[in-house]
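Take a look at the structure set out below.
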Amino acid sequence: MSHTTHIMLVSGQPTPNLTPAIDPDLKPDSVILLVSPDMRERAHWLEDIYRPRGIRVEHWPIDNAWDIEHIQLRVMELLEREQAAVAGKTIILNATGGTKPMSIAAYESFRAYELPVYYVHPESDQLIWLYPEDRPSHQLADRIRLPDFIRAHGARVTERGQSQVPVQYQELAQKLIDDVAYFSNALGVLNWYANSAEKTLRSDPLESNHIGFDALQDLLDQLEQIGILTVQDDRLRFKDEPARFFANGGWLEQYIFAKVNSLKKTLPTIQDTAQSLQIVRGTGTSKNELDVVILANNRLHLIECKAKTFKKGDANSGTETLYKLDSLADTIGGLQARAMLVSYKTLSDHDAQRGRDLRIKVLQGQQLQQLDTQLRDWLG
């Protein structure tokens, strides 16, 4: 019975070591991880994905990830052991990860033993055979899902939001986007009252100038019609906490999520989607909630949704939001992750420039009316 072993070089970018191992045409029986001292934790993260899929895992220590002679010696020791252990075993090197000396040394060792070597293109997610060169390249299957992808980057999913968005909620959100100029100020006022009802579901009293605010009254009437709130004694009374969340900007998050899911029908590269995804990192003390998360073509896409006006100088400022989004994308998505900020309000010129500097896609104000096209282009 044939047995296939993949040798993987552990690095800070786990995706190239993950996707070949779960591709149905390439899945190995076992994986041997070449692990330098600073990569031990990341090796365990990968192991957490391999083992539940029936892949046997072994760690092969590399004491110095920058010493080519040492690495070559360790790889040759491994190859001698593996070839002697099981007759007919297929041993393949994934040369994508590790340090440059690790990749070079392992590649040269495999060439000396005339064993196959492949490399995973970081952008196209295509497996390219380096040796022998006459093998055709292979487009890796998009089989991984969000929990495993995020686990491979050192975090854990603890909760996912609802997967379906009620039709009447989507219809109201569409009206708000179609009439951005009309509803923009009214939504700012609604956010303030929804915040005041955080613990009691009962807002502060409506101010006299707000009672006569036509756009706000139109908005409240429509929210009443779909059962989000009622107006009693000049106060907003929300049906429950999810209803208050919807009124307090959650409507935009749900709208974006519904749009993303509708794109699944025509964009087969979308593997998995989630809304209000809660994750923990490290020992569990570092927690984050991600508004809309998409895994497409084995690449993570994060969308932060903001219906409120950005405040200068605090954690809700545009700059802080952009920096946080950039950091999260890098931490749980790796170098190929993409990030987008969707803002119902128009950003300041400074914040818009900061988004460009960080290579974060920004959609704001009336640009949301072209959301379908923008999302399709962004997801590729």
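- Formation of a donor-acceptor pair under 3.5 Å by the Tyr131 side chain with backbone atoms of Phe110 is not found in this model.
- Remark: side-chain polar atoms of Arg235 are paired, donor with acceptor, to backbone N or O of Ser203 under 3.5 angstrom.
- A salt bridge does not link Arg156 with Asp48: every distance from a Lys NZ or Arg NE/NH1/NH2 to an Asp or Glu carboxylate oxygen is 4.0 Å or more.
- Ile360 and Trp378 fall into different hydrophobic clusters, defined by Ile, Leu, Val, Met, Phe, Trp and Tyr side-chain heavy atoms under 4.5 Å apart, directly or through other members.
- Looking only at distances, a side-chain donor or acceptor of Asn94 sits under 3.5 Å from a matching main-chain atom of Thr96.
- Taking the charged nitrogens against the carboxylate oxygens, Glu304 and Lys306 do have a contact shorter than 4.0 Å, which makes a salt bridge.
- Legend: residues meeting side chain to side chain contact (heavy atoms under 4.5 Å, CB included) with Thr90, ordered by chain and number and at least two apart, are Thr4, Ile92.
- Here Asp204 pairs with nothing under the salt bridge (charged side-chain N to carboxylate O under 4.0 Å, His left out) rule; sequence neighbours left out.
- Listed by chain and residue number, Arg74 satisfy the salt bridge (charged side-chain N to carboxylate O under 4.0 Å, His left out) test with Glu77 (two or more places apart in sequence, or in another chain).
- Across Gln271 and Ala296, no two heavy atoms sit closer than the pair OE1-C, 3.4 Å.
- Applying the salt bridge (charged side-chain N to carboxylate O under 4.0 Å, His left out) rule to pairs touching residues 328-356 yields Arg354-Asp357, sequence neighbours excluded.
- In terms of heavy-atom proximity, Leu127 sits nearest to Pro20 at CD1-CB, 4.4 Å.
- For the pair Gln217 (side chain) and Ile211 (backbone), a donor-acceptor distance under 3.5 Å is present.
- At least one donor-acceptor pair under 3.5 Å links the side chain of Asn191 to the backbone N or O of Leu187.
- Under 3.5 Å, the side chains of Glu253 and Ser276 contain a donor-acceptor pair of N or O atoms.
- Scanning both residues, Leu295 and Ile144, for their nearest heavy atoms gives CD2-O, 3.4 Å.
- In this structure, the side chain of Gln139 engages the main chain of Ser124 through a donor-acceptor pair within 3.5 Å.
- With hydrogens and angles left out, the side-chain atoms of Thr5 and Ser30 include a donor and acceptor closer than 3.5 Å.
- The backbone N or O of Leu328 sits nowhere less than 3.5 Å from a side-chain atom of Thr331 that would complete a donor-acceptor pair.
- For the side chain to side chain contact (heavy atoms under 4.5 Å, CB included) test, residues two or more places apart in sequence or in another chain that qualify with Pro132 are Pro116, Asp134, Arg135.
- Here the side chain of Thr158 pairs a donor or acceptor atom with the backbone of Gln278 at under 3.5 angstrom.
- A salt bridge links Arg244 with Glu241: the closest approach of a Lys/Arg side-chain nitrogen to an acidic carboxylate oxygen falls below 4.0 angstrom.
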- Carefully, step by step, assess His138 and Tyr118 under the rule side-chain hydrogen bond (donor to acceptor under 3.5 Å, both in side chains). CA-CA 10 Å; His138 174 76; Tyr118 67 82; over 6 Å; no
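- The salt bridge (charged side-chain N to carboxylate O under 4.0 Å, His left out) analysis of residues 25-39, with sequence neighbours excluded, yields no pairs.
- Atom CZ of Arg237 sits in a crowded spot, with more than 12 heavy atoms from other residues, nucleotides or ligands closer than 6.0 Å.
- Under the 4.5 Å side-chain criterion, counting only non-hydrogen atoms from C-beta, Phe149 is not in contact with Asp272.
- In the displayed structure, Gln232 atom CD is contacted under 6.0 Å by more than 12 heavy atoms of other residues, nucleotides or ligands.
- Between Tyr169 and Phe246, the distance separating the two ring centers is shorter than 6.0 angstrom.
- Between Tyr113 and Ile91, the closest side-chain pair of non-hydrogen atoms is not below 4.5 Å.
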